[in-house]
**Student:** 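I'd like to ask some things about the structure below.
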Amino acid sequence: MERCTKAVIYKDNLEYNLNQIRKYVKKDVKLCVAVKADGYGHNAVLTAQIAEKVGAEFVAVATVEEGVELREGGIKCGILLLSLCTPEEMAALFEYQITPLVFTEEYIRLIGTAAKQAGAVDFKVHLAVDTGMGRIGCYPEEAGEQAKFIEKCGLKLGGMCTHFAVSDSLAEEHIEFTRGQFDAFKQAVANVKACGIEPGICSCGASAALLNDEDMQFDMVRPGIITYGYYPDEITKEYLKSTGRDFDIKPVLALETKVVAIRHFPAGKSVSYGRTWVAPEDTDIAVLPIGYADGLLRRFSPGLEVTINGKNYPVRGRICMDQCMVEIGKNNPDVKLWDTAVIFGPKESGALNTAEDLAKLGNTISYEVLTALSKRVRREIL
């Protein structure tokens, strides 16, 4: 028995996108594909498998648990842990060969002690540098001393990285800020080299920066949202084309369900919580078994439309936890019980909406729309 509400993963589109990235990036630049948050909701193991297929040297996760899942799923390439872990999780870094980011002496010492206890000699870590994100990382002027402390603790510096805060914006002040971050990172790398330490694989460009500035590809890039078929904010397909760069990607995931009831509504009848919508005339309402507990955010109503048999129909009333209601018009022969309703997806799914359309409606970003899909939305791989 399988629930009709599901996320369909078009794996050919996923492979297409990763090949597009590989072709776009300079040949000597390594790939580290972001598969955190279950591959942005697209199945982390599948994404990592295809990443390996196109030659990615690393995949990136946010938790140790995510890294363990990949190793147990047969992933052999490097796994970079982008967030910090607790002492209780550190033993798994060595058992499953997960490369952590480090940046404070206390944290480096803990990793070094755990590595010694595990018998992990010259275990590689990457030094995180905070150039303006304000999240994790040492300051650029501290990088040399941090690199020396890494070696003092019996670890090996395998790489350095930073993360940009506004590289997906074309505002002049944001372009300037990103360039400042890049210059600060280059200085941090130089500081490490000045200490006689090889900095390893240096990376700073996620989706926006790797597309928009060839210099910022550095030794390795970390594509995230473009892997899954969406452009990073203002770095759109049209913008890239206007600057002489062609980069085409396809949405990978379709969110769909089925019509489970059709109800006749007389004029004046309301629907859902708060009575925010009242039928102005006689009409029919289709009930869909999908709601905000599935990741179809409540703030998408009013305004959301869903596709049924090639036509969009508006959601009426507030989206509920487990259901939403769609107006299909009186005695509509084009909508029948058990018909498929597609919330968003690639063209192959029949969807007329993308996750980007929902993001604009909800004043958010496509990343949130995709990763909001909950565990009870089963994934089906095509």
**Student:** How far apart are the closest heavy atoms of Ile328 and Ile262, and which atoms are they?
**Tutor:** CD1-CG2, 3.9 Å

**Student:** What residue among Ile249, Val29, Leu240, Asp248 forms side chain to side chain contact (heavy atoms under 4.5 Å, CB included) with Tyr24?
**Tutor:**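 That would be Leu240; it is the only one of Ile249, Val29, Leu240, Asp248 passing the side chain to side chain contact (heavy atoms under 4.5 Å, CB included) with Tyr24.
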
**Student:** Do Lys152's NZ or CZ and the ring of Phe149 fall within the cation-pi criteria of under 6.0 Å and 45°?
**Tutor:** no

**Student:** Using a strict 4.0 Å threshold on nitrogen-to-oxygen distance, state whether Lys250 and Asp12 make a salt bridge.
**Tutor:**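 A salt bridge is absent here (no side-chain N lies under 4.0 Å from a carboxylate O).
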
**Student:** Looking only at side-chain N and O atoms, does Tyr228 offer a donor or acceptor that is under 3.5 Å from a partner on Asn13?
**Tutor:**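 Checked: Asn13/Tyr228 side chains show no N/O donor-acceptor pair below 3.5 Å.
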
**Student:** Can you tell me if CG on Asp28 sees more than 12 non-hydrogen neighbours from other groups inside 6.0 Å?
**Tutor:** yes

**Student:** Looking only at side-chain N and O atoms, does Glu327 offer a donor or acceptor that is under 3.5 Å from a partner on Thr283?
**Tutor:** yes

**Student:** Main chain of Ile319, side chain of Ser301: is a donor-acceptor contact present, judged purely on distance under 3.5 Å?
**Tutor:**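 A pair under 3.5 Å: yes.
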
**Student:** If you measure only the distance, is there a donor-acceptor pair under 3.5 Å linking the side chains of Asn332 and Asp284?
**Tutor:**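 Distance-only check fails for Asn332 and Asp284.
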
**Student:** What residues form a side chain to side chain donor-acceptor pair (under 3.5 Å) with Arg222, not counting sequence neighbours?
**Tutor:** His163, Ser203

**Student:** So which atom in Ile79 and which in Phe58 form the shortest heavy-atom distance, rounded to 0.1 Å?
**Tutor:** N-CD2, 3.9 Å

**Student:** Begin with the C-alpha distance, continue with both residues' side-chain angles, and end with the deciding distance and a verdict on side chain to side chain donor-acceptor pair (under 3.5 Å) for Asp183 and Gln187.
**Tutor:** CA-CA 6 Å; Asp183 290 343; Gln187 185 58 55; over 6 Å; no

**Student:** Does a side chain donor of either Thr178 or Ser167 reach within less than 3.5 Å of an acceptor in the other side chain?
**Tutor:**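 No.
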
**Student:** Are any of the side-chain heavy atoms of Asn17 and Ile226 separated by less than 4.5 Å?
**Tutor:** no

**Student:** Check the surroundings of atom CD in Glu348: do more than 12 heavy atoms from other residues, nucleotides or ligands lie under 6.0 Å from it?
**Tutor:** yes

**Student:** So that I can tick it off, tell me whether Glu145 and Lys148 are bridged by a salt bridge, with the cut-off set at under 4.0 angstrom between side-chain N and carboxylate O.
**Tutor:**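 Yes.
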
**Student:** So that I know where these two stand, are Phe185 and Phe218 an aromatic pair - ring centroids less than 6.0 Å apart?
**Tutor:** yes

**Student:** With Thr364, which residues qualify under side chain to side chain donor-acceptor pair (under 3.5 Å), at least two apart?
**Tutor:**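 Applying side chain to side chain donor-acceptor pair (under 3.5 Å) to Thr364 gives Glu368.
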
**Student:** Test of understanding: clusters of I, L, V, M, F, W, Y form through side-chain heavy atoms closer than 4.5 Å, transitively. Do Tyr107 and Met160 belong to the same one?
**Tutor:** yes

**Student:** Would you say Lys258 has more than 12 foreign heavy atoms packed within less than 6.0 Å of its NZ?
**Tutor:** yes

**Student:** Quick one: does any side-chain atom of Glu234 pair with a main-chain N or O of Leu170 as donor and acceptor, under 3.5 Å?
**Tutor:**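 Judged by distance alone, yes, a pair lies under 3.5 Å.
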
**Student:** Within the 4.5 Å heavy-atom criterion, are Glu57 and Leu31 side-chain neighbours or not?
**Tutor:** yes

**Student:** With Phe103, which residues qualify under ring pair (Phe, Tyr, Trp, His ring centres under 6.0 Å), at least two apart?
**Tutor:**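 Residues passing ring pair (Phe, Tyr, Trp, His ring centres under 6.0 Å) with Phe103: none at all.
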
**Student:** In the structure I gave you, are the side-chain heavy atoms of Leu370 and Tyr230 within less than 4.5 Å of one another anywhere?
**Tutor:** yes

**Student:** Can you tell me how the ring of Tyr40 sits relative to the ring of Tyr367, calling it parallel under 30°, perpendicular over 60° and tilted otherwise?
**Tutor:** tilted

**Student:** Once ring pair (Phe, Tyr, Trp, His ring centres under 6.0 Å) is applied, do any residues pair with Tyr16, and if so which ones, sequence neighbours excluded?
**Tutor:** none

**Student:** Within the side chain of His174, is there an N or O that forms a donor-acceptor pair under 3.5 Å with the backbone of Ala171?
**Tutor:** no

**Student:** Would you call the rings of Trp277 and Phe265 parallel, tilted or perpendicular, taking 30° and 60° as the class edges?
**Tutor:**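 It falls in the tilted class, 30° to 60°.
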
**Student:** Can you find a side-chain donor-acceptor pair between Thr63 and Glu65 that sits under 3.5 Å?
**Tutor:**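 Note: Thr63 and Glu65 side chains miss the donor-acceptor criterion.
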
**Student:** Between the main-chain N or O of Leu210 and the side-chain N or O of Gln217, is there a donor-acceptor pair closer than 3.5 Å?
**Tutor:**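 Yes, because the side chain of Gln217 sits within donor-acceptor range (under 3.5 Å) of the backbone of Leu210.
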
**Student:** Give me the atom names and distance for the closest heavy-atom approach of Gln146 to Leu127.
**Tutor:**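 Scanning both residues, the minimum pair turns out to be CB-CD1, 3.9 Å.
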
**Student:** Any side-chain heavy atom of Tyr231 within less than 4.5 Å of one from Phe247?
**Tutor:** yes

**Student:** Please evaluate residues Glu89 and Thr86 with respect to the criterion side chain to side chain donor-acceptor pair (under 3.5 Å), reporting the C-alpha separation (whole Å), side-chain torsions for both, the decisive distance (0.1 Å), and the verdict.
**Tutor:** CA-CA 5 Å; Glu89 296 174 295; Thr86 64; 3.3 Å; yes

**Student:** With Gln97, which residues qualify under side chain to side chain contact (heavy atoms under 4.5 Å, CB included), at least two apart?
**Tutor:**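 For Gln97 the side chain to side chain contact (heavy atoms under 4.5 Å, CB included) partners, ignoring immediate neighbours, are Arg71, Phe123.
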
**Student:** Can you list the residues that meet the ring pair (Phe, Tyr, Trp, His ring centres under 6.0 Å) rule with Tyr292, with sequence neighbours excluded?
**Tutor:**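 Partners of Tyr292 by the ring pair (Phe, Tyr, Trp, His ring centres under 6.0 Å) criterion come out as none, since no residue qualifies.
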
**Student:** Got Ile9 and Leu46 here, is their nearest side-chain heavy-atom distance under 4.5 Å?
**Tutor:**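 Heavy-atom side-chain distance check passes, below 4.5 Å.
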
**Student:** Between Ile235 and Met216, is there a shared hydrophobic cluster once you connect ILVMFWY residues whose side-chain heavy atoms come closer than 4.5 Å?
**Tutor:** yes

**Student:** Which pair of heavy atoms, one from Asp38 and one from Ala44, lies closest together, and at what distance?
**Tutor:** OD1-N, 2.9 Å

**Student:** Within the 4.5 Å heavy-atom criterion, are Asn212 and Thr243 side-chain neighbours or not?
**Tutor:**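 The answer is no, as the side chains (C-beta and beyond) never meet within the 4.5 Å cut-off.
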
**Student:** Looking at Glu52 and Lys76, is there a salt bridge between them, counting it only when a charged N and a carboxylate O are closer than 4.0 Å?
**Tutor:**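 The answer is no: the pair does not qualify as a salt bridge.
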
**Student:** On a heavy-atom basis, which atom in Arg376 and which in Asp294 lie closest, and how many Å separate them?
**Tutor:**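 For Arg376 versus Asp294, the nearest heavy atoms are NE-OD1, 2.6 Å.
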
